[in-house]
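When a ligand or atom number is given, it counts from 1 through the structure's own listing order.
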Amino acid sequence: MKYPPEPFRIKTVEAISRTTEWERLSTIQDAGFNVFNIPAEKIYIDLLTDSGTSAMSDNQWAGMMIGDESYAGSKNYFRFEAMIHRIFGFKYVIPTHQGRVAENLLFSTILKAGAGQVIPNNNHFDTTRANVEYNGGIAEDLVVDIAKDTQALADFKGNIDLDKLERLVQKVGAENIPIGMLTITNNSGGGQPVSMENIRKTSELLHQHGIPFFIDACRFAENAYFIKKRESGYGEKNILEIANEMFSYADGCTMSAKKDGLVNMGGFFATNNKDLAEQITNRLILIEGFPTYGGLAGRDLEAIARGLEEVLHEDYLAYRISQVEELGDRLIAAGVPILRPTGGHAVYLDAKNFLPHVPQSQFPGIALTVALYTHAGIRAVEIGSLMFAHQDEKGNTHYPDLELVRLAIPRRVYTNSQMEYVAENIIELFQDRENIGGYEIEYEASVLRHFTARMKPLK
Ligand code: P61
C-alpha cells in the first residue's frame, strides 16, 4: 500500500467548528494579519505547528495517572532517564519544560559574549539561532547547496556541507567554535533528513579539531525512519538501532519532546560531558527547577517516557511519514510548487514560486498564510522573510534563500479526509493566485519578531 493507514483507532474526539469567510476576514484583520494572533477556536485545521500538538495515546494518559509529584527523585524521572539512556545513550539527562530552554541552558553556558564565537549547524531553527545570538555567538548555516533548490530531488537534503564546515574551522579557528550542531530533521530547510554518513562524518570532522558535536534531536525518529528507507545498509535495522547509532557519534543533544516525544509539553538536554552537565544543572536549578523535574510535572515526565517508546514503532512512523507525503503528492499532481521531496513533519509551500508577483520585501509567505486562513480556515506558518530577514550594520536587508509556508501536520491528530480538504483548498488558492497581494510591517519586536508582528496589506 503506497500510503499505509492509521495504526490506531479513535477513542476520544474534540469538536472543531467551521467559520464563515466573513468571520475569518474580520478575525484576520483583528490579528494584524498575523496567524499567531488568531484565537485557536477560530481555526478549522491548525497546521501552525507539529510541536506540542500531538494526540497522546491511551497508554500515555494512563501513565499520567501514575505521576509521582515528589519535589525530588520522582519515580517518573527515573523512567524518563532510563528511556533517554536507552535511545540516546547519553550519561547525564536534564529535563526542561521545552526545547528552547535546553538551548538557552547550553548556549548561555558555553558562549562567551563578545568573543566572536561561532556555532555551525545545517540550519539553525529560529529558537536555536536566537539563543546563540542572544548569548553573543554567531549562528552559521552550512546546509548543502542543493537544499536551496526547492525542486531538486535528493534523499538527504538536510545534510551539512562538510567542505563548508572544514573551511569555517580553518577561517575562524577551532578554539572559536565551542560546539558544532546538526538539526535532525532539518526543520528550517524543509523537514529534510540528515544521512547517517553525514552525521558520522560531521562528528569525525569536528572531533579531529577537538570540537564537541551536539544534535538537535526534536525529530530524531522521523530522521531515523528516512535513514532506514533511503540509506543503504539500514533497511534491516530497527528504529532504535538506527537512533542508537546516530547519537553514538554525538557528545550530547537538545530536544523538544513536543515533537517526537509525542507530548504536549517537555524537553531535555543530555550529554556525556560531566563538567558541562554540572554547570547546566546549576543553571537549571536557578531558572527551571530541581534536576529531577526541570520545569515539568512528574506526570509529564511519564508521558514523555512512554511517547519516546511509542515513536519508535515502525507502523506508526510509516503512517506518519506517508500522511505528510500524500498531502505533498496531491499538491504536486496539481502543479502547486512545494519544496521537494516532501519533508517528514510538514509540507512546505514554495511561496516565491506560488506568488512570483510578490517580491520578498512584501512577504509572500505572509500573503499566503493570510489567504489560506481567510479562504479555508487553515492555519499555516511562514518560514521566510518575516522570520529570518535581517539588517546588517549598514542597514542593508538580507533575505533568506527560501520563502516557505509550512503546513506542519500534528501527529495522530487529523484524518486523511481532513488532509484532502487541505489539499483541495490550496489547489483552489493556487488557481486564484494573481489575486493575492503583498504586505508590510506595522509593528515588530526586536527578537523573534514573527510571533508578535502586526502586518498591513499593501494597496
Ligand atoms: C515548530 F513558529 N519548533 O517547528 P520548543 N529545534 C527545532 C524546532 O523545530 C523547535 C525547537 C528547537 C517548533 C515550535 C516553534 O517561531 C517558532 O519546544 C528543530 O518549541 O522550545 C521548535 O523547541 C524549539 C514554532 C518554535 C515557531 C518557534 O513549530
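- Gln192 contributes no side-chain N or O that, together with a main-chain N or O of Arg340, makes up a donor-acceptor pair within less than 3.5 Å.
- For Phe354, the ring-ring contact (aromatic ring centres under 6.0 Å, His included) criterion is met by Phe430, not counting sequence neighbours.
- The nearest pair of heavy atoms linking Asn425 to Ile378 is CB-CD1, 4.2 Å.
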For ligand 1, output the ligand-protein N/O contacts shorter than 3.5 angstrom; if there are none, return none.
residue	atom	partner	partner atom	Å
ligand 1	3 (N)	Lys259	NZ	3.0
ligand 1	4 (O)	Asn187	ND2	2.8
ligand 1	4 (O)	Arg219	NH2	3.0
ligand 1	4 (O)	Arg406	NH1	2.7
ligand 1	4 (O)	Arg406	NH2	3.4
ligand 1	6 (N)	Asp216	OD2	2.7
ligand 1	9 (O)	Asn187	ND2	2.8
ligand 1	9 (O)	Arg219	NH1	3.0
ligand 1	16 (O)	Asp126	OD2	2.5
ligand 1	16 (O)	His450	NE2	2.5
ligand 1	18 (O)	Gly99	N	2.9
ligand 1	18 (O)	Ser256	OG	2.7
ligand 1	20 (O)	Gln98	NE2	3.3
ligand 1	20 (O)	Arg100	NH2	2.9
ligand 1	21 (O)	Gln98	NE2	2.9
ligand 1	21 (O)	Gly99	N	3.3
ligand 1	21 (O)	Arg100	N	2.8
ligand 1	21 (O)	Arg100	NE	2.7
ligand 1	23 (O)	Lys259	NZ	3.2
ligand 1	29 (O)	Thr49	OG1	2.5
ligand 1	29 (O)	Arg406	NH2	2.6

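- Residues Glu245 and Tyr234 come closest through the heavy atom pair OE2-OH, 3.0 Å.
- Side chains of Asn121 and Arg129: no donor on one and acceptor on the other come within 3.5 Å.
- Between the side chains of Asn76 and Ser74, at least one donor N or O sits under 3.5 Å from an acceptor N or O.
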